[in-house]
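Report on one structure; see the data block that follows.
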Amino acid sequence: MTEAVHFFNTMDRQLREFHPIIPGKVGIYTCGPTVYNFAHIGNFRAYIFEDILCRTLRLAGYEVQQVMNLTDVDDKTIRDSRAENLPLKEFTARYIKAFFEDLKELAITPAAVYPPATAHIPEMIALIEALFEKGYAYQAEDRSVYFAIDKFPDYGKLANIDRENQLSGVRIKNDEYAKDSVADFALWKAWDEKDGDVVWDSPWGPGRPGWHIECSAMAMKYLGRTFDIHTGGIDNMFPHHEDEIAQSECANGVKYVNYWLHCAHLMVNGEKMSKSLGNFFTLRDLVKQGRSGREIRYVLLGTHYRKKLNFTFEALDQAREALKKFDDFFLRLKSASGDGSGDDAAAGLAAAAVKQFQTGMFNDLNTAEAGAAIFGLLHEVNKLLESSALSAPGAEAVLAAFRTFDIVWGCFHVDRAAEAEIPAAAAALAEARAAARKAKNFAESDRLRDELKQLGFVVEDISGGGYRLKAL
RNA sequence: GGCGUGGUAGCCAAACGGUCAGGCAGCGGUCUGCAAAAUCGCAUAAAUCGGUUCAACUCCGAUCCACGCCUCCA
């Protein structure tokens, strides 16, 4: 059983109910990283969006097969590996490793497959051969192989690009191109000196695949000639995705993708964050500054994926406060020992909140609406806790709702295995403070509280004489 | 030049033609030895100018501003 979900399909710019090719199953292809550097959080905005998408589909009852490629051969990987005098494979391995570490830090659920481009050269060659047979590919004087976009009348349908108008102003160096038309893109790039030892044999001579063909070949290998969802950053829409469509549909004669979902940019100080502009933070930078993956995840999922997100440190501060609030809430729930008179109410509130949460997420991933459901539940249940109306069963119903939220949001960690370990020294101080307090020696108890703070712990008194010790 | 997106309170961010978004921060009260946490209450909106309508933040038009794609980019 699956529930109805709606997505905005870039192809026709409409909100559409999602219908998979095979009932109950979804195949998703995502353009992954080019592994020539550490990914920055602008990149991770897209990966978080895709993670949220997959998790939402799972919540709706789908079995999700996500494929994310690793572009481990292209102009930049070759350029930078040579600059460091490293074999390409060794160079990219470093960033592949870093990428997976970063995914883990952000609690991104791994895709089913991460196919590297260099392991799929034969598939790419086969695809180019098919394009040759059907007359869509040609080899130019520079020995590279190009796709002839004039042969594909649908070219531009995704990005809504009109070739005639498009090409006049921008590209003036027509004469420098060996290809027939300036817009034609490379399927196979003939070897040149700059490529060094990065080279494969092909029916057209030594060289390497063009970037676009990598994705087409791997997507259809793992998901079939037509699959459900293709995602990526909006800047990949043209030309990359447009080119994928051209190659794939011309080679196969069938529709390539049913739903295209594109994520808007992450901005910093009002400008796109990108490697080429140099205005980027890597995840590592932020972690080094004491920001957690959890906080960053919370910030990145807070804005609707089709809207630009302006990244600020203030937003990270806000995330920290909000998450702290939830952590505290879970602790109080777990030790709820009221009279139980509010348990039924809590269960009802939890069920309603889950429903609203789903309504939001299933409506084109409206995280803001889902968030309102989450905070609403927090607020109402806090009142029940305040009046000691909640006992274990009621509290458990609420915790269960948060586990459901976390299927998608992945940042609450209701059942984090161990709470931060309390060192013996801190526990002793807290005990001493409790004793001083009991003896109404408040000067001493305040002094001990300050000492605890030095150790990184906050102590909160609970009415009735108890206290709670929390890591700062 | 072509194509496209957006401008909501101090900050972040939704829905919706008529009734509350939500969060963070702030202010006042309750609780507390004092705090903290929680809780109750409060305030601050819809770039500008027109139009449609009984009614517009929500629809239409114009203007201004910002940003993106058209070239490697999530």
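All chains are named by letter (A, B, ...) in the order of the sequence lines, taking the proteins before the strands, and each is independently numbered beginning at 1.
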So, does the side chain of A:Gln318 form a donor-acceptor pair with the base of B:C11 at under 3.5 Å?
-> yes
Is there side-chain contact between A:Phe405 and A:Phe326, with heavy atoms separated by less than 4.5 Å?
-> no
With a centroid cutoff of 5.5 Å and a plane-angle limit of 30°, would you call A:Phe442 stacked on B:G33?
-> yes
Rounded to the nearest Å, what distance is computed from the CD atom of residue A:Glu242 to the P atom of nucleotide B:U71?
-> 12 Å
A:Lys308 has its side chain closest, among B:U5, B:G33, B:C69, to B:U5
Ignoring hydrogens and angles, are the base of B:A35 and the side chain of A:Arg449 linked by a donor-acceptor pair under 3.5 Å?
-> yes
With A:Asp184, which of A:Asp150, A:Ile149, A:Asp243 fulfils side-chain contact (heavy atoms from CB on, under 4.5 Å)?
-> A:Ile149
May I ask you to verify if any side-chain N or O of A:Lys325 is less than 4.0 angstrom from the OP1 or OP2 atom of B:C24?
-> yes
Under 4.0 Å between a side-chain N/O of A:Asn366 and OP1 or OP2 of B:A14, yes or no?
-> no
Quick one: A:Glu321 CD to B:A36 P, roughly how many Å, whole number?
-> 13 Å
Check: A:Asp446 side chain, B:G33 base, donor-acceptor under 3.5 Å | yes
Do the side-chain N or O atoms of A:Lys453 get closer than 4.0 angstrom to the phosphate oxygens (OP1, OP2) of B:A35?
-> no
Select base, sugar-phosphate, or nothing to describe what A:Arg447 touches, counting heavy atoms under 4.0 Å on all strands.
-> nothing
Using purine N1 to pyrimidine N3 plus N6-O4 or O6-N4 for Watson-Crick, or N1-O2 and O6-N3 for G-U wobble, each under 3.5 Å, what pairs with B:U71?
-> none
Do A:Phe38 and A:Phe99 have ring centroids that are under 6.0 Å from one another?
-> no
What about A:Phe402 and A:Phe412, are their ring centers closer than 6.0 Å?
-> yes
Under 4.0 angstrom, heavy atoms only, what part of the nucleic acid is A:His379 near: base, sugar-phosphate, or nothing?
-> sugar-phosphate
Is A:Lys157 salt-bridged to A:Asp12, going by a charged N under 4.0 Å from an acidic O?
-> no
Under-3.5 Å donor-acceptor pair between A:Asp461 side chain and B:C34 base = yes
Applying a 3.5 Å limit to both distances, which nucleotide forms a Watson-Crick or G-U wobble pair with B:A46?
-> none
Is there a Watson-Crick or G-U wobble partner for B:C34 with both distances under 3.5 Å, and which nucleotide is it?
-> none
Select one nucleotide: of B:G23, B:C34, B:U5, the one nearest the side-chain heavy atoms of A:Phe375.
-> B:G23
Atom CG of A:Leu452 to atom P of B:A36: distance rounded to whole Å?
-> 17 Å
For the residue pair A:Tyr114 and A:Phe100, does the interplanar ring angle fall in the parallel (under 30°), tilted (30 to 60°) or perpendicular (over 60°) class?
-> perpendicular
Scanning all shown strands, the Watson-Crick or wobble mate of B:C59 with both distances under 3.5 Å is B:G51
Answer with base, sugar-phosphate or nothing: what part of the nucleic acid does A:His304 contact at a heavy-atom distance below 4.0 Å?
-> sugar-phosphate
For atom CD of A:Glu380 and atom C1' of B:G22, their distance in whole Å = 13 Å
So which nucleotide does B:A66 pair with, by the Watson-Crick or G-U wobble rule with both distances under 3.5 Å?
-> B:U5
What do you reckon, are the aromatic ring centroids of A:Phe313 and A:Phe281 less than 6.0 Å apart?
-> yes
Do A:Tyr222 and A:His120 have ring centroids that are under 6.0 Å from one another?
-> yes
Just call it for A:Met237: base, sugar-phosphate, or nothing, with non-hydrogen atoms closer than 4.0 Å on any strand.
-> nothing
Minimum-distance nucleotide to A:Thr303 side chain [options: B:C34, B:A13, B:C69] | B:A13
For the side chain of A:Ile234, counting heavy atoms from C-beta on, which of B:G4, B:G68, B:A21 is nearest?
-> B:G68
Which nucleotide in B:C34, B:C67, B:G23 has an atom nearest any side-chain atom of A:Arg437 = B:C34
Once you round it to whole Å, what is the distance between P of B:A38 and NZ of A:Lys324?
-> 10 Å
Which of B:A13, B:G33, B:A36 is nearest the side chain of A:Ala368? It is B:A13
Using a 4.0 Å heavy-atom cut-off across all strands, classify A:Gly232 as base, sugar-phosphate, or nothing.
-> sugar-phosphate
Tell which nucleotide pairs with B:G41, taking only Watson-Crick or G-U wobble pairs whose two distances are both under 3.5 angstrom.
-> B:C27
Please state how far atom CZ in A:Phe311 lies from atom C1' in B:A13, giving the value in whole angstrom units.
-> 17 Å
Under a 3.5 Å limit for both distances, which nucleotide forms a Watson-Crick or G-U wobble pair with B:C16, could you say?
-> none
How long is the line joining NZ of A:Lys307 and C1' of B:A66, in whole Å?
-> 13 Å
For atom CD of A:Glu460 and atom P of B:C31, their distance in whole Å | 19 Å
For A:Phe329, answer base if it contacts any base atom (sugar-phosphate contacts may also be present), sugar-phosphate if it contacts only those atoms, and nothing otherwise; contact means non-hydrogen atoms under 4.0 Å.
-> nothing
If the P atom of B:U44 is compared with that of B:C57, how far apart are they to the nearest Å?
-> 16 Å
Just call it for A:Val299: base, sugar-phosphate, or nothing, with non-hydrogen atoms closer than 4.0 Å on any strand.
-> nothing
